[in-house]
Amino acid sequence: MAARTRDFYGVEPRSRLMLGTARYPSPKILSEAIRRSGCEVVTVSLRREARGERWGEDFWGMIRELGVRVLPNTAGCHSVREAVTTAQMAREVFGTDWIKLEVIGDADTLQPDVFGLVEAARILTDDGFKVFPYTTEDLVVAERLLEAGCKVLMPWGAPIGTGKGLNNVYGLRALRAHFPEVPLVVDAGLGLPSHAAAAMELGYDAVLLNTAVALAGDPVAMARGFALAVEAGRLAFEADPMAPRDMAEPSTPVIGLASL
Amino acid sequence: MRLIVNGEAREVEAATLDEALDELGYGGRVVATALNGVFAPARKRAETALRDGDRLEILTPMQGG
């Protein structure tokens with residue numbers, strides 16, 4: 001089994017779990033969930049702030065204290081122009097050339113506009129960005145994103161925030177097989193640690209999730225659960241799982257069976 | 001002049017982006033700016049002239065997924 005890479009533009013985080021920072025019950029719980037999970041990469045965004053409020057700066061100060069690497073997103077952008085401008089603003093504020101590139105094509109499913117995604121990826125990589133594109137499992141789109149300069153791909157498991165897990169295991173497996181050397185991250189749609197383990201068992205290099213942890217009754221415990229599942233799934237992949245078979249086969253030796 | 005700041009009409013005396021941020025209460029804050037949909041880098045704010053009707057976006061770090 002070929003060793004997969006977790007080289008994300010020269011960075012090799014020890015943990016293969018990446019977490020979003022939105023929708024937690026409180027900043028304290030967010031901070032504790034990140035620490036307990038051991039994750040080293042978290043996603044952040046840029047938004048307008050109501051006059052007189054300083055929550056944005058407090059949030060940014062808290063993230064910096066945690067010492068994790070940030071992956072700013074372009075969430076909510078529906079056009080190439082919006083995504084490119086947001087990425088440029090994020091690079092300045094967060095001091096990183098990493099960008100989780102989202103160009104949303106459909107408001108209901110939050111499905112990526114893969115045509116705009118490829119175009120924006122090309123513009124941003126030409127401008128020195130290290131692009132993490134939020135994409136589908138489509139092989140041809142993946143090929144175009146790599147041609148545009150992406151060195152990581154982030155196919156969805158299911159639509160953002162649905163918690164449905166891996167909607168298209170066949171497609172994700174095909175993507176893994178087609179690009180054995182490209183770092184692949186399942187991003188979005190995971191609801192349970194078992195979903196994350198399944199992604200890792202397919203040979204994915206990492207998973208990125210937010211809502212499944214943030215909206216759990218106990219986000220800190222769920223963050224830990226995901227961390228363990230990611231580790232278990234990865235170990236299983238590296239251990240080369242057995243092939244399933246249709247017929248039963250005794251695991252206890254037949255030879256030496258007593259005749260009673 | 002009249003600017004559209006984060007979607008709201010605001011009257012400002014400022015002639016440059018740098019001055020406008022001060023006047024609007026964002027002086028010294030961690031913000032990124034875009035003028036009429038185009039990124040306006042911090043290092044160029046002092047020389048970025050504003051015109052009546054300009055659309056200014058002022059964004060701050062926020063939680064994200």
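Throughout, protein chains are lettered first and strands after them, A, B, ... in sequence-line order, and every chain is numbered starting at 1. Every value quoted in this text rests on a predicted model; they were computed, and no experiment measured them.
With a 4.5 Å cut-off on non-hydrogen atoms, A:Tyr24 does not touch chain B at all. With a 4.5 Å cut-off on non-hydrogen atoms, A:Glu82 does not touch chain B at all. Neither the backbone nor the side chain of A:Arg23 comes within contact range of chain B, judged by heavy atoms closer than 4.5 Å. Both the backbone and the side chain of B:Glu57 come within contact range of chain A, with heavy atoms under 4.5 Å apart. Neither the backbone nor the side chain of B:Val5 comes within less than 4.5 Å of any heavy atom of chain A.
When each of A:Glu102, A:Glu57, A:Met18 is checked for heavy-atom pairs under 4.5 Å with chain B, A:Glu57 comes out on top. Comparing A:Ala188, A:Ala87, A:Gly56 by heavy-atom pairs within less than 4.5 Å of chain B, the highest count is held by A:Gly56. Between chain A and the residues B:Ala40, B:Gly25, B:Pro41, B:Gly37, the most heavy-atom pairs under 4.5 angstrom are made by B:Gly37. When each of B:Leu59, B:Ile58, B:Val31 is scored by its heavy-atom pairs under 4.5 Å with chain A, the top score falls to B:Leu59. Heavy-atom pairs under 4.5 Å with chain A peak, among B:Ala34, B:Ala42, B:Gly64, B:Ala32, at B:Gly64.
The backbone N or O of B:Val38 sits nowhere less than 3.5 Å from a side-chain atom of A:Thr85 that would complete a donor-acceptor pair.
Each of A:Val93, A:Asp58, A:Val70 was checked for a side-chain contact (heavy atoms from CB on, under 4.5 Å) with B:Pro61, and the lone residue meeting it is A:Val93. With B:Gln63 as the partner, the side-chain contact (heavy atoms from CB on, under 4.5 Å) test is satisfied by one option alone out of A:Ile63, A:Thr21, A:Asn210: A:Thr21.
Remark: A:Phe115 CZ is loosely packed, at most 12 non-hydrogen atoms of other residues, nucleotides or ligands lying under 6.0 Å away. Counting heavy-atom neighbours within 6.0 Å of A:Arg64 CZ, excluding the residue itself, gives a total above 12. Within a 6.0 Å radius of CD in B:Glu11, other residues, nucleotides and ligands contribute more than 12 heavy atoms.
Inter-residue side-chain proximity for B:Phe39 and A:Glu92 is flagged as met; some heavy-atom pair is nearer than 4.5 Å.
Heavy-atom neighbours of chain B within the stretch residues 27-49 of chain A, taken at a separation under 4.5 angstrom, comprise A:Thr43, A:Val44, A:Ser45, A:Leu46, A:Arg47, A:Arg48, A:Glu49.
With sequence neighbours excluded, the residues satisfying salt bridge (charged side-chain N to carboxylate O under 4.0 Å, His left out) with A:Lys130 are A:Asp97.
In this structure, OG1 in B:Thr60 is found 10.0 Å from CZ in A:Phe59, a value given to the nearest 0.5 Å.
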